[in-house]
Amino acid sequence: MTANKNVSFGFGTMRLPLLDPGDPTSFDFDRIQALFDRFLELGFRYFDTAYTYHGYEGEKAVRKALVERHPRESFELTTKLPLRDFRDAEDMETIFNEQLQNCGVTYFDHYLLHNMGHNVFPRCVAYDAFGFVRKKKAEGKILDVGMSFHDTPELLEEILSRYGDCLDFVQLQVNYVDMDQANVQSRRCLEVAGKYHKPVTVMEPCKGGTLVRIPPEAEALLKACAPEASAASWALRFAAGQPGVIRVLSGMNSLEQVEENCAVFRELRPLSAEENAVIRKVAALLNANTAIPCTACEYCVHGCPMKIAIPQYFALYNSLKRTTGSWSSQRVYFNNLVLAGHGKPGACIKCGRCERACPQHLPIRCYLEEVAGTFESGNAYPTRWKT
């Protein structure tokens, strides 16, 4: 497949604004509604949620902020079947009906098998999850069937060769730092999707905000080429320009972000040859200096027996490794997490639940040991960013 110049833009709701950052269900509805309203006013209509988002309350939040306030025909709603949560075929039916109720709709415009990978694929085969979504589409309760995928291109090839007729599109993690990363392999996954003629919706184009808040040395490369362009706009344009991509999703927490990101897609321009050369340099710089490639999706924290704030600790660690500033400020944030009731990284009991849930397939237990050694020993110091 070639690059598509008519790429649409969707509002991802995995990280909605909160009143209390420590409580994933403390939704700031005034802010969320303002963001959703402006997104619609600017001519966009695609909203993406999931059964498991925000402590299993994300769908209800979208219902309150969107569905109950706007005509059904004015938006497209997407949600996902939680492949780690269903127990059997009957349970899939129960969850699906609960999702219709959670969202306050009678059908979904788009419905995905969520977070497909080696850990859940055998269960999907055993209970015919692919047949289930095809049946719901035949009943008119799903208009468009997809699959969000976080695994190897070899598994993607197996799934599309066996069950491709059940899927209208695939949702892949695509951003300029993950194209050739061993744990993501965006480039090869895009090639497999193209081989089976499956359009691609992009998730994590800014890698959980990592590509929005880039280090000064990396930002300088972008500014030298396009002084007025934001780091986020570079990431969005890169993702939109990949072969087979028809849609890009992004979570937004401010009206400024909504305005800026929507502007990118109202007059979308693929990256030029010169800009692609610059982005390759930025990617090399970031990949050489990112200690833990976490996207802060928070799948790992669900079911953690020690209530360890894994993504937050990883973000602090990455910030510490990149910073030229104060070690004490990072220590304050660390202590605040502990005081809020989160287990320390060193409290990990090595149960492995986090690693089985991680879409990035990160060795989380090993990383927690490293973070604990840095923050709990009191003997470590930040490393300067090196180009």
Side-chain angles (χ1 to χ4, degrees), residues 4 6-18 27-54 56-82 95-114 133 136-137 139-148 168-171 199-205 236 239-240 245-268:
N4 180 5
N6 298 313
V7 178
S8 64
F9 182 46
F11 200 126
T13 66
M14 186 166 69
R15 305 176 184 93
L16 291 171
L18 301 173
F27 300 105
D28 185 346
F29 278 109
D30 288 343
R31 195 164 153 205
I32 295 169
Q33 290 169 2
L35 298 177
F36 284 6
D37 291 355
R38 186 56 181 152
F39 184 76
L40 289 167
E41 289 169 2
L42 290 171
F44 297 89
R45 48 184 284 121
Y46 190 103
F47 293 84
D48 175 276
T49 185
Y51 186 74
T52 57
Y53 286 176
H54 285 276
Y56 295 84
E57 294 295 316
E59 291 176 332
K60 296 176 185 177
V62 170
R63 180 189 69 204
K64 180 175 179 178
L66 175 70
V67 178
E68 293 179 354
R69 300 176 57 253
H70 294 278
R72 181 64 182 91
E73 65 275 9
S74 69
F75 60 85
E76 296 176 40
L77 184 59
T78 300
T79 194
K80 311 175 187 77
L81 178 70
I95 290 173
F96 184 84
N97 289 331
E98 182 183 347
Q99 290 180 287
L100 290 172
Q101 183 176 358
N102 286 346
C103 294
V105 297
T106 58
Y107 70 93
F108 296 113
D109 298 275
H110 314 272
Y111 191 80
L112 290 81
L113 299 173
H114 193 191
V133 290
K136 291 301 174 186
K137 182 177 180 179
E139 293 173 355
K141 295 181 179 180
I142 300 172
L143 303 187
D144 198 33
V145 174
M147 171 183 72
S148 66
D168 299 307
F169 69 101
V170 294
Q171 188 159 301
V200 173
T201 292
V202 169
M203 55 185 161
E204 300 288 0
L236 294 172
V245 170
I246 60 167
R247 184 182 300 111
V248 175
L249 307 179
S250 181
M252 293 166 282
N253 295 111
S254 70
L255 287 173
E256 291 77 14
Q257 290 174 356
V258 172
E259 297 282 353
E260 178 186 348
N261 293 355
C262 288
V264 170
F265 286 89
R266 281 202 305 272
E267 298 181 7
L268 183 61

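None of these values were measured; they are calculated from a predicted model. Starting from 1, each residue takes its place in the sequence as its number.
Under the 4.5 Å side-chain criterion, counting only non-hydrogen atoms from C-beta, L16 is not in contact with R31. No side-chain heavy atom of L249 sits under 4.5 Å from any side-chain heavy atom of V202. Residues Y111 and T79 have side chains in contact (heavy-atom distance under 4.5 Å, counting atoms from C-beta outward). Counting heavy atoms from C-beta outward, Y51 and E98 have side chains that approach closer than 4.5 Å.
Each of E59, R15, K80 was scored for a side chain to side chain donor-acceptor pair (under 3.5 Å) with Y53, with one residue passing: K80. For the pairing with V7, the side chain to side chain contact (heavy atoms under 4.5 Å, CB included) check across L268, T201, V264 returns one residue only, L268. Residue D168 is tested with D144, I142, L143 for a side chain to side chain contact (heavy atoms under 4.5 Å, CB included); the sole match is D144.
When all heavy atoms of P199 and I246 are compared, the pair lying nearest together is CB-CD1, 3.6 Å. The heavy-atom pair separating H114 from A50 by the smallest distance is CE1-CB, 3.7 Å. Taking every heavy atom of both residues into account, S254 and L35 meet most closely at C-CD2, 3.2 Å. G104 approaches V67 most closely through the heavy-atom pair O-CG1, 3.5 Å. Between S74 and L40, the shortest heavy-atom distance links the atoms O-CD2, 3.5 Å. Heavy atoms only, all atoms of each residue included: M203 and Q171 are closest at CE-O, 3.3 Å.
Between atom CZ of residue F169 and atom CE of residue M147 there is a gap of 10.0 Å, rounded to the nearest 0.5 Å. Remark: Q99 CD to L77 CG distance equals 10.0 Å, nearest 0.5 Å. Here the NE2-CZ distance, from H70 to F36, works out to 9.0 Å after rounding to the nearest 0.5 Å. We find the NZ-SG distance between K64 and C103 to be 15.5 Å, quoted to the nearest 0.5 Å. Taken from CG in L42 to CZ in R38, the straight-line distance is 4.0 Å, to the nearest 0.5 Å. Here the straight-line distance linking atom OG1 of T13 with atom NE2 of H54 works out to 6.5 Å at 0.5 Å rounding.
Taking the six-membered ring for Trp, F44 and F265 have ring centres at least 6.0 Å apart.
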>> Run the side chain to side chain contact (heavy atoms under 4.5 Å, CB included) test on F47 and T78 for me, step by step, so that the C-alpha distance in whole Å, both residues' side-chain angles and the decisive distance to 0.1 Å come before the verdict.
In response: CA-CA 6 Å; F47 293 84; T78 300; over 6 Å; no
> Going through the distances and angles, do D109 and R72 end up as a side chain to side chain contact (heavy atoms under 4.5 Å, CB included)?
Replying inline: CA-CA 10 Å; D109 298 275; R72 181 64 182 91; 2.8 Å; yes
>> Between F11 and Y46, does the side chain to side chain contact (heavy atoms under 4.5 Å, CB included) criterion hold? Intermediate values first, please.
In response: CA-CA 6 Å; F11 200 126; Y46 190 103; over 6 Å; no
>> side chain to side chain contact (heavy atoms under 4.5 Å, CB included), that's the test. Do R266 and F9 meet it? Break it down for me.
In response: CA-CA 9 Å; R266 281 202 305 272; F9 182 46; over 6 Å; no
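The side-chain hydrogen bond (donor to acceptor under 3.5 Å, both in side chains) check on K136 picks up E93, E139, with sequence neighbours excluded. The side-chain hydrogen bond (donor to acceptor under 3.5 Å, both in side chains) test applied to Q101 returns no partner, not counting sequence neighbours.
A cation-pi arrangement, defined by a distance under 6.0 Å to the six-membered ring centre and an angle within 45 degrees of its axis, is absent between K141 and F96.
In terms of modelled atom types and a separation under 3.5 Å, the side chain of R63 and the main chain of N102 share a donor-acceptor contact.
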